[in-house]
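Here is how names work: the chains are called A, B, and so on, in the same order as the sequence lines, proteins then strands, and each is numbered from 1.
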2 protein chains.
Amino acid sequence: MLASKTASPEETRERVLFAAREVIARKGKRGATTREIADVAGVNEATLFRHFGSKGALVLAVAERFCGLVELRDVVAQLRGPVDADLMALGRVMLERMESQKDIIRWSFVDPGYDKDLFASTAWRPQLALHGIVVEVIERHVADGTLRGDARRLATLFMGMVFTHVLARDKFPDSDVHAEPDEALGFYVDVFLNGVRSRGRTSS
Amino acid sequence: MLASKTASPEETRERVLFAAREVIARKGKRGATTREIADVAGVNEATLFRHFGSKGALVLAVAERFCGLVELRDVVAQLRGPVDADLMALGRVMLERMESQKDIIRWSFVDPGYDKDLFASTAWRPQLALHGIVVEVIERHVADGTLRGDARRLATLFMGMVFTHVLARDKFPDSDVHAEPDEALGFYVDVFLNGVRSRGRTSS
DNA sequence: CGTTAATGCAAGTACTTACACGCATGCCTC
DNA sequence: GAGGCATGCGTGTAAGTACTTGCATTAACG
């Protein structure tokens, strides 16, 4: 029927996908061997090919399986609050996604469109979508005079803050060890909106 | 004597190093083959091994050759101006270095210290050094009351802004096309110090 | 019970890749 | 002109890797 004692084909497929994701995150799609993926998944190498046909197809399937587009239309519709709240809400979504996908995202960075890499571009697409949303929200606040500047530029900057936050933990020693996500996000929003200059004082 | 009609060994070595850098930037140290490096350098593959012994040694030599530490002690000593000027000066250095090394830096991102990768860590070391400098300068401005907050965190954030700027051009469509470095830097410093909220107004 | 579908297993093919070796060649210096 | 040195060139090897194939096994389903 629906459940069998041994793993169903779909379960096997999922196991392979998760294993592939993990190995690719570590070694990259070039360094990930079908043998290691199969080992991690606990299946035979042949099974892997029976399911996906080729390594390339598997890699692509990984990207599609784990880098699905974000369904934010509903989220963005609700963002009619004050700037701070809007940015916090957006930031939370960004942080969550980037955190859970940073290993894959990293690899989409190393390919500068050299050969148009389907894996890299699929992995990056959600980020582009997010960026679009942020632009949209910021545009509104620029329009009503709350913010000033070019919306695209501001959006990129804000996303960059969150992005840096996610990556910095691995690349800078003891940076933001203490930071719980919301506290950190609050900090970024605060800097973004108000800067870090001490109030009531001016240098030089 | 010193000059010969054919390329001297040192010239050959340099050609190989530059070729290796280029190929590694494109394909990564795993994807870069000794054959392609030799082809790009215009030398025979055997020559490559005669000079460096192994591919691993060549890769490491590339990192050491192109990711030298920054000599900033003198630069930082002069940074006693107003915050804006200090940040601009630092930003210029950062931008310049990151721009010229972004292809290599990207690859140092992809290895999360999984196996301690000498190439990645060597390539990243200058960034750590720069970060340290920025912390130092910001600390001074925090101490004299110009800035507020945790210096390390602020430094990471500021570096992230510049870093994002460098990478964003490749990853976000038509972002900052117009930006000349100094104009962009000025924008970041401005946001960092003053935020982007319209002056004299408050949202909600 | 017999069929079918999904898998494990083992061996094999074709190709790539790091690296070694030997030899010929050309340039430089004595 | 002889000897040394860096290099080009070809060939070879051993390991790795994507992918195939034939066969045995197991479990579900009629």
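Judged by distance alone, the side chain of A:W107 and the main-chain N or O of A:K29 form no donor-acceptor pair under 3.5 Å. In terms of modelled atom types and a separation under 3.5 Å, the side chain of B:Q101 and the main chain of B:F66 share a donor-acceptor contact.
Across all strands shown, B:G42 has heavy atoms under 4.0 Å from sugar-phosphate atoms exclusively, and none from any base. Within the nucleic acid shown, B:A32 comes within 4.0 Å of sugar-phosphate atoms alone, with no base atom in reach, counting heavy atoms only.
Residues A:V110 and A:R106 fail the side-chain proximity criterion, which asks for heavy atoms closer than 4.5 Å. Put simply, the side chain of B:R21 does not reach to within 4.5 Å of the side chain of B:R65, judged on heavy atoms. Proximity of A:D170 to A:K102: side-chain heavy atoms (C-beta onward) are separated by under 4.5 Å at one or more points.
Rounded to an integer number of Å, the gap from CZ of B:F49 to P of D:dC9 is 17 Å. Between the CG atom of A:L48 and the C1' atom of C:dG8 there is a distance of 14 Å, given to the nearest Å. Summarising the geometry, the separation between NE2 on A:H51 and P on D:dC19 is reported as 16 Å, rounded to the nearest angstrom. What separates CD of A:E11 from P of D:dA27 is a distance of 15 Å, to the nearest Å. As a whole-Å value, the separation of A:F52 CZ from C:dA6 P is 14 Å. Remark: P of C:dC19 and CD of B:E45 are 10 Å apart, rounded to the nearest angstrom. For the pair B:D39 CG and C:dT17 P, the computed distance is 12 Å after rounding to whole Å. Taking atom CZ of residue B:R50 and atom C1' of nucleotide C:dT25, one finds them 12 Å apart after rounding to whole Å.
Looking at which nucleotide of DNA chain C each of A:R30 and A:N44 is closest to, the 5′-most match is held by A:N44. Between B:R15 and A:A46, the residue anchored nearer the 5' end of DNA chain D, judged by the nucleotide with its closest heavy atom, is B:R15.
Taking side-chain N and O atoms only, A:T12 has a distance below 4.0 Å to OP1 or OP2 of C:dT7. Between B:T34 and C:dA18 there is a side-chain N or O to OP1 or OP2 distance below 4.0 Å. In terms of phosphate contacts, B:T47 brings a side-chain nitrogen or oxygen within less than 4.0 Å of OP1 or OP2 of D:dG8.
The side chain of B:R35 lies closest to C:dT17 when the candidates are C:dG8, C:dA6, C:dT17.
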